Trainee: 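Here you go, one structure.
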Amino acid sequence: MKTILDKLQALAPIVATVVCIGLAVLMWLPLQQISSQDVTPVAQAASETRADPSIALLADGAESLVERPLFHVTRRQPQAQEVVQAAPVRETLFLTGVVNNGDVDIALLRLSTRQEPLRGRVGDNIGDWQILDITNTAIKVLNPEGEEQIIGLSSANN
């Protein structure tokens, strides 16, 4: 037969569980309930504000914090940002090849702002450039500034 000590040892986990639950409930319950006498009516608070200037100062500060939160994007006026215009990229024309087909000459070209190859004949416009003449190794063009320029064959395929 089991002795009383064995029976108590069997009940120990149950008793410990009940004690832990009881302590947890006590921790979560409020220690004191706020009575209605402790709550200051709004009218009484307003009269205290008028009597004590420091309370009025705090109340004004609290209103401004509510209107304009301290750590919010809208707290400060946005500073004027200068719009910096990027300098326009100046196009460069490259002659990559010349095709002579009887009496028709075709220039194989590339602009620095584009990757695809271009073809042009005398009188054609390539970007801001106009082709004036095509020889076996060079072309004569009218550049964007209105000046004639000779562009030789280029091995640069940048």
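This is a predicted model, so every value here is computed, not measured.
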Trainee: Rounded to the nearest 0.5 Å, what's the gap from CD1 on Ile139 to CD1 on Ile151? Could you check?
Mentor: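 Separation between the atoms: 5.0 Å.
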Trainee: List, one per line, each side-chain donor-acceptor pair under 3.5 Å for residues 125-135, sequence neighbours excluded.
Mentor:
residue: Thr135; atom: OG1; partner: Ala138; partner atom: N; Å: 3.1
residue: Thr135; atom: OG1; partner: Ala138; partner atom: O; Å: 2.9

Trainee: For the OG1 atom of Thr96 and the CG atom of Leu109, what is their distance to the nearest 0.5 Å?
Mentor: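 These two atoms lie 6.5 Å from each other.
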Trainee: Enumerate, atom names and distances included, each donor-acceptor pair closer than 3.5 Å involving a side-chain atom of residues 97-108, sequence neighbours excluded.
Mentor:
residue: Asn100; atom: ND2; partner: Asn136; partner atom: OD1; Å: 2.4

Trainee: Who are the side chain to side chain contact (heavy atoms under 4.5 Å, CB included) partners of Thr17, not counting sequence neighbours?
Mentor: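 Thr17 satisfies side chain to side chain contact (heavy atoms under 4.5 Å, CB included) with Ile21 only.
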Trainee: Might you point out which heavy atoms bring Glu116 and Arg110 nearest each other, and give the distance in Å?
Mentor: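 Between these two residues, the closest heavy atoms are O-CG, 4.3 Å.
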Trainee: Test of understanding: clusters of I, L, V, M, F, W, Y form through side-chain heavy atoms closer than 4.5 Å, transitively. Do Leu95 and Leu142 belong to the same one?
Mentor: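 Result: no, two separate clusters.
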